[in-house]
Amino acid sequence: MILYSTKNKSYQVGLKEAVMKGLPDDNGLFMPLDIPALPTDFIQNLANFSFLEIAEKVCKTLFKGAIPDEDLKTLLKNAFDFPAPVVKLDEQKYILELFHGPSLAFKDFGARFMAQLMSYFNRGESRELTILVATSGDTGGAVASGFYKTPGIRVVILYPSGKVSMLQEKQLTTLGHNISALEIDGTFDDCQALVKQAFLDTDLNQHLRLSSANSINIARLIPQALYYFEAYKQLAKGGDPVVFCVPSGNFGNLTAGLLAAKMGLPVHHFIAATNANDVVPAYLEHGKYISRSSVRTLSNAMDVGNPSNFARMLDIFLGSDESSTWNNMRNQVSGYAFPDQETQIAMREVDEKYNYTIDPHGAVGYLALDAYQKEHPNTRGIVLETAHPAKFIDDVEETLDRKIEIPARLAALADEEKEATFLKPEYNSFKKLLIERYSG
Ligand SMILES: *Cc1c(COP(=O)(O)O)cnc(C)c1O
């Protein structure tokens, strides 16, 4: 498998380098050079295959021998030990529940697959690999549990003290083993600055083999394409054309869907759903991409002002000039944006009309699907429910004016003992700690 940088198509690397490096040196994003179509009989017979069998077929086709079949099978099995069920609201609206993994959000798919790939490519290395992650709360939990007990890899998570929720903090600080947490007496930006400086520090890099678990690593995108096949499979055969509606922030999830469509999944149309951070819906409407600072909303995992995967979307739809790229994208993707008041109304509507508890991110998706289907009535739509409502329990309970159920694995966290090292945001003490604890 060959991947190139979106900034320079002749900058090409293999799968191992793309995964271990995360980002090309030119600051572009890695993309597969060839996205092969799957055989049509495979697509037509999806219903005969399990999620793992679909995953195997898709990855094998894309990886082109970069990982031997038996190894691929093992690492897929290790990564995906939880389901992705489709729930029916009515004849036209369906919910794909992506929150059955350990951190209760879809990011588990990407993080667990990336951990497996990194561990696989790290085999035979005598020195431990140390992964540094700065988190504002959400990604950290998925990465921590994804790499938990992965041989040869240690994860050090930096999070801003007092700025993550209690349960998020527990997800970062209670695993132990190869996962350590540093509670930084500062902001998320301070955490990120410490990590950035560590990567640039040549002296530190002689003591430790460092890597990142970057959210735009191609190893996080590929596994997200898999559940589009899985969802399509679960919808009854025949009937109206299928559209996917994706609550979006950095647009990794939506880009993964485009990848699935390129590989032959017959998706009729994609719907990009955002909160007030609407740079992509605005681009789809006007043809101008204008990034800006993000604003805080109820669906805060989607509060992104300059989505990192937009470069990949442009690349996928690249035409002969700007306006043909725009038209190519508009032919396959529609954008909708909603303010928080409407999100709350939608949460109540889904609760009352369908007796289903949807989280604020999924609710934005529900609104977008509903708006799209008003204009395109003869379609069946699948909303990606990106997180379990209990992850946002305070907002959900306040909006619905009732208690909601907390999954046992989340509730159990509350009693676990937090273990973190408190640290001022000073580079030298951070570096000293890393060397003392992890080098050698
Ligand atoms: C990360 C996240 C999103 C946004 O996904 P992107 O791939 O960045 O567009 C949406 N919902 C939840 C709950 C998330 O954690």
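For ligands, and for the atoms within them, numbers begin at 1 and follow the listed sequence. Worth knowing before you read on, the calculation uses all heavy atoms, side chains too, and leaves out hydrogens, waters and symmetry mates. Since we're looking at a predicted model, the values are computed, not measured.
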For [atom], the protein heavy atom that lies nearest, with its residue and separation:
{"atom": "atom 8 (O) of ligand 1", "answer": "Asn250 N, 2.8 Å"}
{"atom": "atom 4 (C) of ligand 1", "answer": "Gly249 N, 3.6 Å"}
{"atom": "atom 5 (O) of ligand 1", "answer": "Phe106 CZ, 3.3 Å"}
{"atom": "atom 2 (C) of ligand 1", "answer": "Lys107 NZ, 2.4 Å"}
{"atom": "atom 12 (C) of ligand 1", "answer": "Thr386 OG1, 3.4 Å"}

request  = Report the part of Lys391 in contact with ligand 1, treating N, CA, C, O as backbone and CB onward as side chain, heavy atoms under 4.0 Å; options are side chain, backbone, both, neither.
outcome  =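 Neither; nothing of Lys391 gets under 4.0 Å from ligand 1.
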Looking at [X], which atoms of ligand 1 are within less than 4.0 Å of one of its heavy atoms?
{"X": "Asn253", "answer": "7 (O)"}
{"X": "Ser248", "answer": "9 (O)"}
{"X": "Ala387", "answer": "13 (C)"}

key: Centroid separation Tyr289 to Phe310 less than 6.0 Å   =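 Aromatic pair counts; centres sit under 6.0 Å.
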inquiry  = Please tell me whether Phe42 and Phe49 form a close aromatic pair, meaning their ring centres lie under 6.0 Å apart.
reply    =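 Centroid distance Phe42-Phe49: below 6.0 Å, so yes.
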query = Parallel, tilted or perpendicular: which describes the rings of Phe80 and Phe82, with under 30° parallel and over 60° perpendicular?
reply =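 Ring orientation, 0 to 90° scale: perpendicular.
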ask   = What class does the angle between the rings of His376 and His269 fall in, given that below 30° is parallel, 30 to 60° is tilted and above 60° is perpendicular?
value =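 Because their plane-to-plane angle is under 30°, the rings of His376 and His269 count as parallel.
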Does any N or O of ligand 1 fall below 3.5 Å from an N or O anywhere on [X], backbone included?
{"X": "Gly252", "answer": "yes"}
{"X": "His361", "answer": "no"}
{"X": "Phe251", "answer": "yes"}

Electrostatic pair Asp81:Arg112 at N-O distance under 4.0 angstrom =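 Yes, charged N to carboxylate O under 4.0 Å.
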query = So does Arg348 pair up with Asp401, basic N to acidic O under 4.0 Å?
reply =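 Salt bridge flag = no for Asp401 with Arg348.
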ask   = Under 6.0 Å from the CD atom of Glu405, do we count more than 12 heavy atoms belonging to anything else shown?
value =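 Atom CD in Glu405 is not crowded, with 12 or fewer foreign heavy atoms closer than 6.0 Å.
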task = Apply salt bridge (Lys or Arg N to Asp or Glu O under 4.0 Å) to Lys418 and Glu169, showing your working.
result = CA-CA 8 Å; Lys418 158 184 164 184; Glu169 184 173 36; 3.0 Å; yes
